[in-house]
Amino acid sequence: MTRSYDKHVLVTGAAGFIGCNFLGYFANKYSNYHFTCIDKLNYASASSQEAFQKILQKPNVDFLKLDLAESYHQLYQLIALNYEANQITDIVNFAAESSVDRSFEDPLYFTRNNILSTQNLLECYRLLKNLHPEAHINFLHISTDEVYGDSGYNVDEQGKLSPTNPYAASKAAIDLIIQSYEYSYKLPIMVIRPNNIYGPNQFPEKIVPVAIEHLKSNSKIPIHGDGSNKRRYLHVRDFLNALELIWSFSETADAGDIFNVGSDEEVSNIHLVSLLCQLYHKDSTFDLQEKIQFTQDRNYNDLSYSTSADKIRSLGWKPKVKLQDGLKDLLG
Ligand SMILES: NC(=O)c1ccc[n+]([C@@H]2O[C@H](COP(=O)([O-])OP(=O)(O)OC[C@H]3O[C@@H](n4cnc5c(N)ncnc54)[C@H](O)[C@@H]3O)[C@@H](O)[C@H]2O)c1
Ligand SMILES: C[C@H]1O[C@H](OP(=O)(O)OP(=O)(O)OC[C@H]2O[C@@H](n3ccc(=O)[nH]c3=O)[C@H](O)[C@@H]2O)[C@H](O)[C@@H](O)C1=O
């Protein structure tokens with residue numbers, strides 16, 4: 001970094017769906033912040049590649065291709081050993097393998113990746129405090145509402161963690177490790193648990209981009225099981241607004257906190273796909289049965305997530321993008 005910036009923000013998973021949308025918004029709005037992006041560039045990054053490469057042209061954005069789970073020593077140098085030179089002030093941690101379906105196929109990889117990638121960052125922060133007790137990093141960790149599983153009703157941030165799939169278990173595990181660092185080392189870390197997020201450049205394995213891809217190729221949309229599972233959907237712009245609000249609190253927080261961030265728009269998978277078909281075919285009629293094919297269900301498919309976002313709503317945040325409008329935008 002040559003010019004002086006007000007913040008030096010480390011953004012992990014920056015080449016992914018939410019990370020790249022985060023950069024597109026914050027690197028433009030906060031030109032007085034420097035953003036160092038870290039990403040291993042997995043399969044999911046491919047969908048954001050064009051947008052990510054464009055953002056890397058900005059003077060206040062740099063990129064390090066690193067696997068956080070395998071790069072402890074480089075991270076230790078970046079965050080702790082060279083603290084006086086790098087002066088990292090904030091960490092926004094998106095990096096994770098994020099696909100439930102893939103986690104059923106390779107659970108151990110999800111455990112290793114999603115725990116070590118974040119715990120390596122926690123270790124660097126812990127050791128930084130040993131070297132520079134005065135150092136403070138605003139640490140925002142992106143978790144998920146899947147950590148609660150589908151057993152609770154209107155679960156708030158104190159709800160029991162009850163994950164049902166290997167992805168969610170890896171996210172719940174690192175949430176608990178973060179909690180241990182808060183208690184044992186007094187590291188103030190903000191944990192954010194969003195519901196399903198959709199928006200531009202999402203890799204077509206999540207239902208929204210999958211359905212759109214199949215609509216555009218006129219092929220049948222795969223529906224797991226009977227399609228009755230429900231999810232709540234939040235547009236990525238609304239999520240970033242929530243993140244901006246939480247980030248502002250982390251500046252003065254001397255303790256960590258947890259925030260559920262979610263919408264009230266809960267729809268079943270079959271209804272979501274039907275809505276996308278209606279929006280895509282506009283006024284022309286269509287036979288839904290011709291547009292879908294029922295496929296084998298997941299090993300376990302959470303029925304729905306009933307989390308309460310009252311805490312962040314009480315701070316003035318609320319979703320602004322209606323699902324129908326957000327989907328219409330995506331369909332173009
Ligand atoms: N998309 C959603 O609906 C949703 C909802 C709730 C929470 N989340 C969480 O938000 C975060 C971002 O999700 P997303 O949808 O953008 O995921 P994504 O899969 O689109 O992107 C994740 C990015 O992280 C990178 N990454 C993963 N492991 C890494 C490692 N070890 N080192 C470096 N980079 C690594 C990948 O290369 C990828 O670019 C994740 O932590 C996910 O658990 C996502
Ligand atoms: C909060 C989490 O959201 C995402 O996980 P989730 O599994 O809920 O998202 P998906 O889009 O993969 O699945 C949603 C829902 O649709 C079904 N489905 C999916 C893909 C497909 O081709 N057909 C389908 O029927 C699936 O079984 C689910 O019931 C996000 O991926 C995760 O990171 C989160 O944290």
Side-chain angles (χ1 to χ4, degrees), residues 1-14 19 22 26 30 32-40 60-97 111-143 147 157 161 170-193 243 246-259:
M1 285 198 302
T2 48
R3 63 165 277 200
S4 66
Y5 289 91
D6 294 332
K7 277 183 176 287
H8 183 183
V9 188
L10 204 56
V11 189
T12 75
F22 168 90
F26 284 88
Y30 296 95
N32 56 326
Y33 293 1
H34 183 277
F35 298 86
T36 297
C37 305
I38 293 181
D39 203 299
K40 67 179 178 182
N60 61 332
V61 181
D62 285 322
F63 173 51
L64 288 175
K65 185 175 183 296
L66 284 180
D67 181 337
L68 292 158
E70 308 292 343
S71 308
Y72 170 74
H73 295 292
Q74 293 100 307
L75 291 169
Y76 176 68
Q77 286 189 356
L78 178 70
I79 297 168
L81 214 52
N82 300 333
Y83 174 70
E84 283 163 344
N86 294 330
Q87 292 283 334
I88 286 171
T89 57
D90 302 73
I91 295 176
V92 187
N93 187 39
F94 295 102
E97 292 294 339
T111 299
R112 176 180 176 79
N113 187 81
N114 291 356
I115 291 176
L116 276 183
S117 58
T118 297
Q119 189 159 7
N120 280 341
L121 293 169
L122 296 173
E123 274 296 274
C124 292
Y125 188 12
R126 177 178 73 87
L127 296 172
L128 167 63
K129 294 291 279 185
N130 291 349
L131 295 172
H132 299 275
E134 78 289 356
H136 172 87
I137 293 181
N138 303 315
F139 196 125
L140 303 177
H141 173 73
I142 315 304
S143 180
V147 299
E157 287 81 356
L161 303 191
S170 72
K171 298 293 283 187
I174 193 60
D175 280 9
L176 291 172
I177 290 169
I178 285 170
Q179 181 178 279
S180 75
Y181 274 66
E182 287 175 323
Y183 278 96
S184 304
Y185 310 113
K186 308 292 180 279
L187 298 184
I189 293 162
M190 294 293 181
V191 174
I192 299 108
R193 294 175 176 160
L243 204 51
I246 295 165
W247 195 355
S248 66
F249 294 126
S250 72
E251 299 274 353
T252 54
D254 55 9
D257 208 343
I258 301 173
F259 289 92

A.B. asks: Would you confirm whether T111, through its side chain, and S170, through its main-chain N or O, come within 3.5 Å as a donor-acceptor pair?
C.D. replies: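 Between the backbone of S170 and the side chain of T111 there is no qualifying donor-acceptor contact (under 3.5 Å).
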A.B. asks: Given F35, which partner from the list L10, V11, V92 fulfils the side-chain contact (heavy atoms from CB on, under 4.5 Å) test?
C.D. replies: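 Checked L10, V11, V92 against F35; only one passes side-chain contact (heavy atoms from CB on, under 4.5 Å): V11.
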A.B. asks: Rounded to the nearest 0.5 Å, what separates atom CD1 in I178 from atom OG in S143?
C.D. replies: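 Answer for the CD1-OG pair, I178 versus S143, is 7.5 Å.
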A.B. asks: Quick one, Y72 and L116 - any side-chain contact, counting heavy atoms below 4.5 Å?
C.D. replies: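 In short, these two side chains do not touch, never coming nearer than 4.5 Å.
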A.B. asks: Cut-off 3.5 Å, no hydrogens considered: what does the side-chain donor-acceptor table look like for residues 182-192, sequence neighbours left out?
C.D. replies:
from : atom 1 : to   : atom 2 : distance (Å)
E182 : OE2    : I189 : N      : 3.4
S184 : OG     : S180 : O      : 2.9
K186 : NZ     : Y183 : O      : 2.7

A.B. asks: For residues H136 and N138, report the shortest heavy-atom separation together with the two atoms involved.
C.D. replies: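 Closest approach of H136 to N138: NE2-OD1, 2.8 Å.
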A.B. asks: For the residue pair V61 and C37, what are the closest heavy atoms and their distance?
C.D. replies: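 Residues V61 and C37, closest heavy atoms: CG1-SG, 3.7 Å.
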A.B. asks: Could you go through the side-chain contact (heavy atoms from CB on, under 4.5 Å) check for L68 and I38 one step at a time?
C.D. replies: CA-CA 8 Å; L68 292 158; I38 293 181; 3.8 Å; yes
A.B. asks: Counting C-beta onward and ignoring hydrogens, is there a side-chain heavy-atom pair between D67 and N113 closer than 4.5 Å?
C.D. replies: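 The answer is yes; the side chains approach within 4.5 Å.
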A.B. asks: First locate atom NZ of K40, then atom CG of L66, and finally report the distance between them rounded to the nearest 0.5 Å.
C.D. replies: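 If I round to the nearest 0.5 Å, the distance is 12.0 Å.
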A.B. asks: Just do the side-chain contact (heavy atoms from CB on, under 4.5 Å) check on F249 and D257 with the steps written out, would you?
C.D. replies: CA-CA 10 Å; F249 294 126; D257 208 343; over 6 Å; no
A.B. asks: Rounded at 0.5 Å granularity, tell me how far CG in L81 sits from CG in L75.
C.D. replies: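 So the gap between those two atoms works out to 12.5 Å.
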A.B. asks: For the backbone of Y33 and the side chain of N60, can you confirm whether one donor and one acceptor N or O come within less than 3.5 Å of each other?
C.D. replies: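 Answer holds: yes.
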A.B. asks: Can you tell me how far the CG atom of D175 sits from the CZ atom of R193, to the nearest 0.5 Å?
C.D. replies: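 CZ of R193 is found 4.5 Å from CG of D175.
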A.B. asks: Quick check for you: to the nearest 0.5 Å, what is the distance between T12 atom OG1 and I91 atom CD1?
C.D. replies: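 Here the interatomic distance stands at 8.0 Å.
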A.B. asks: Rounded to the nearest 0.5 Å, what's the gap from CG on L78 to CD1 on I88? Could you check?
C.D. replies: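 Result: 4.0 Å between the selected atoms.
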A.B. asks: Hey, is NE2 on H73 packed in by over 12 heavy atoms from elsewhere, all under 6.0 Å?
C.D. replies: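 No, because the 6.0 Å sphere around NE2 of H73 holds 12 heavy atoms or fewer from other groups.
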A.B. asks: Output, in order, the C-alpha distance, side-chain angles, deciding distance and verdict of side-chain contact (heavy atoms from CB on, under 4.5 Å) for Y181 and Q119.
C.D. replies: CA-CA 10 Å; Y181 274 66; Q119 189 159 7; 3.2 Å; yes
A.B. asks: Scan N86, I137, N120 and name whichever one has a side-chain contact (heavy atoms from CB on, under 4.5 Å) with I79.
C.D. replies: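 That would be I137.
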A.B. asks: Kindly determine whether W247 and V9 satisfy side-chain contact (heavy atoms from CB on, under 4.5 Å), including the steps that lead there.
C.D. replies: CA-CA 11 Å; W247 195 355; V9 188; 3.9 Å; yes
A.B. asks: Checking K7 side chain against N32 main chain: does a donor-acceptor pair fall under 3.5 Å?
C.D. replies: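 No; judged by distance alone, with no hydrogens or angles, the pair does not exist.
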A.B. asks: Do E97 and R112 pass the salt bridge (Lys or Arg N to Asp or Glu O under 4.0 Å) test, and can you show the C-alpha distance, the side-chain angles, and the key distance before you say yes or no?
C.D. replies: CA-CA 10 Å; E97 292 294 339; R112 176 180 176 79; over 6 Å; no
A.B. asks: Mind listing the closest non-hydrogen atom pair of A135 and K129 along with its distance?
C.D. replies: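 In this case the closest contact between A135 and K129 is O-NZ, 2.6 Å.
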A.B. asks: Heavy atoms only: give me the nearest A96-N114 pair and the separation to one decimal.
C.D. replies: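 Closest pair (atom of A96, atom of N114, distance): CA-OD1, 3.4 Å.
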